[in-house]
Protein chains: 2
Amino acid sequence: MRPPDTKQRLLDAAEQLFALRGFHATSLRAITQAAEVNLAAVNYHFGSKEALLDAVMARSLGPLNQVRSGRLDEVERDAAAENRAPDLRALWRAFVEPTLSMRRHETGAEHFLSLVGQALAQPHGAVMEVFMRQMTPMFLRLFELTCLALPEMPRQLLFWRMHFAVGSLSHLMRCNDQSPVLPAGITAEIDVDTLTDMLLDYTLAGLEAPR
Amino acid sequence: MRPPDTKQRLLDAAEQLFALRGFHATSLRAITQAAEVNLAAVNYHFGSKEALLDAVMARSLGPLNQVRSGRLDEVERDAAAENRAPDLRALWRAFVEPTLSMRRHETGAEHFLSLVGQALAQPHGAVMEVFMRQMTPMFLRLFELTCLALPEMPRQLLFWRMHFAVGSLSHLMRCNDQSPVLPAGITAEIDVDTLTDMLLDYTLAGLEAPR
DNA sequence: GTCTATACGATGATAGAC
DNA sequence: GTCTATCATCGTATAGAC
């Protein structure tokens, strides 16, 4: 009647409750009750409540970055095959699209995005360190490939412009479920592909802007 | 020896501790001890711990938006005097510059920015509602003025592009103290004016990009 | 109106028996 | 590995002194 092991059950219950009601608003007792395990199991398997959040986040972030990494491989391979610089739009599409299309394919995507937002806002959160350790190689690789695609642009300038681009994406991730401010005559509902193209148009124009 | 009133002392102590150690990591007992007031004073003057955070944020956000509002007035006045559409760069400079230059003039600016980041990440936070209630008129006004400055652009498209622009700014605010990923040969130290111009170049190129 | 002292229920964490 | 019992600490509420 309760086949999966305790660790998995805790991860599943925690992911849902953390995202739904927030990290601090969720008690360990609520999680262990939902998972139908003992209260002390959390500290036995993970060590602390925050370490449980770490594990939940790492479980989703790993596969996502694996997809991104594979798509960056493709872009690099295409460029090498035709002996040219990598295509800027293909590059950023490889980075952006897996995240945005999570909502379509994965279940609990909004849970994951909500968790990332919460984790990154903590000042001394060990969670942010986990996130950064996972994301840093991806950022560095994307930066170097962007420099190759825009060889005329100073690296220092591109660094900051990439910072702006990442900000646009992360803000979009954070606000994608709850509608932000809606001016009159504007609807927030939009197709994922259209949204991806709009973000790419915006980002590429900013990256390539004259000084 | 302890001249200011209790309310003020609590706001000051809470602002510093919340920003330094995080909202949930800071106990009311730590705050009241730092403020040298009684524990129950928090609930008497503010009602709850979260309401205290509300008050701290509103204290900084109000004056900041007042500055922004005044500068938007100027842009509108200039446009009306010359009977033309508002200047897009002046418009966004009015919105962006007061925030970025907080670090130069105001004390505890990084505290405020850290608090905003924390507040916005909470799923059901009443704090986000407070923030949004303060920011919504500003966003709506900026949106309408941007539409006037770019009359050819569809409103729906401009709405999303403005969303991307706000994301860039908020990400910059959140990460301005702690250096993010630093590729080789890149330094994160930069003059505030240069940074402002770089952000404006990037944002305007994105807003004006062809479809 | 303000401030103080004190108490209550719930939380995250831990120790030790099984 | 799992469980029960227990701890210090948390946010909150209230009764009563100035």
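To find a chain, count down the sequence lines: A is the first, B the second, and so on, and within it residues start at 1. Side chains are part of it too, since the values below use all heavy atoms of this structure and drop only hydrogens, waters and symmetry mates.
The CD-C1' distance, from B:Gln8 to C:dT2, rounds to 17 Å in whole Å. C:dA10 atom C1' lies 14 Å from atom CD of A:Gln33, rounded to whole Å. Rounded to whole Å, the distance from OH on A:Tyr44 to P on C:dA15 is 15 Å. Protein atom CG of A:Leu53 is 13 Å distant from nucleotide atom P of C:dG12, rounded to whole Å. Counting to the nearest Å, the P atom of C:dT14 and the CZ atom of A:Phe46 are 16 Å from each other. Between the P atom of D:dC3 and the CD atom of A:Glu36 lies a distance of 12 Å, rounded to the nearest Å. At whole-Å resolution of the value, CG in B:Asn38 and C1' in D:dG11 are 14 Å apart.
Listed pair A:His45 / D:dT2 meets the phosphate criterion, a side-chain N or O lying under 4.0 Å from OP1 or OP2. Checking the phosphate oxygens (OP1, OP2) of C:dC3, a side-chain nitrogen or oxygen of B:Thr6 falls inside 4.0 Å.
Listed by chain and number, the residues in a side-chain contact (heavy atoms from CB on, under 4.5 Å) with A:Ala58 are A:Gln134 (sequence neighbours excluded). Partners of B:Gln16 according to the side-chain contact (heavy atoms from CB on, under 4.5 Å) rule, which considers only residues two or more places apart in sequence or in another chain, are B:His111. Residues forming a salt bridge (charged side-chain N to carboxylate O under 4.0 Å, His left out) with A:Asp87 (at least two apart in sequence, or on another chain): none. Among residues two or more places apart in sequence or in another chain, the salt bridge (charged side-chain N to carboxylate O under 4.0 Å, His left out) test is passed with B:Arg71 by B:Glu97.
Note on B:Lys7 versus B:Asp12: no salt bridge recorded, every NZ/NE/NH1/NH2 to OD/OE distance being 4.0 Å or above.
Of the residues in residues 11-20 of chain A, none lies under 4.0 Å from DNA chain D by heavy-atom distance.
Pairs of residues two or more places apart, or lying in two chains, that qualify as salt bridge (Lys or Arg N to Asp or Glu O under 4.0 Å) and include a residue from residues 15-29 of chain A are A:Glu15-A:Arg59. Within the structure, salt bridge (Lys or Arg N to Asp or Glu O under 4.0 Å) contacts touching residues 137-148 of chain A (residues at least two apart or in different chains) are A:Asp73-A:Arg141, A:Glu76-A:Arg141, A:Glu144-A:Arg155.
Here the shortest heavy-atom pairing between A:Leu158 and A:Cys147 reads CD1-CA, 3.8 Å.
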Side chains of residues 39-47 of chain A: which donor-acceptor pairs under 3.5 Å do they make with residues two or more places apart or in other chains?
none

Task: Per-nucleotide protein contact string for nucleotides 12-18 of chain D, where B marks a base within reach and S marks sugar-phosphate only (heavy atoms under 4.0 Å, - for neither) - done: BSB----
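In this structure, B:Thr32 reaches neither bases nor backbone, as no heavy-atom distance under 4.0 Å exists between it and the strands shown.
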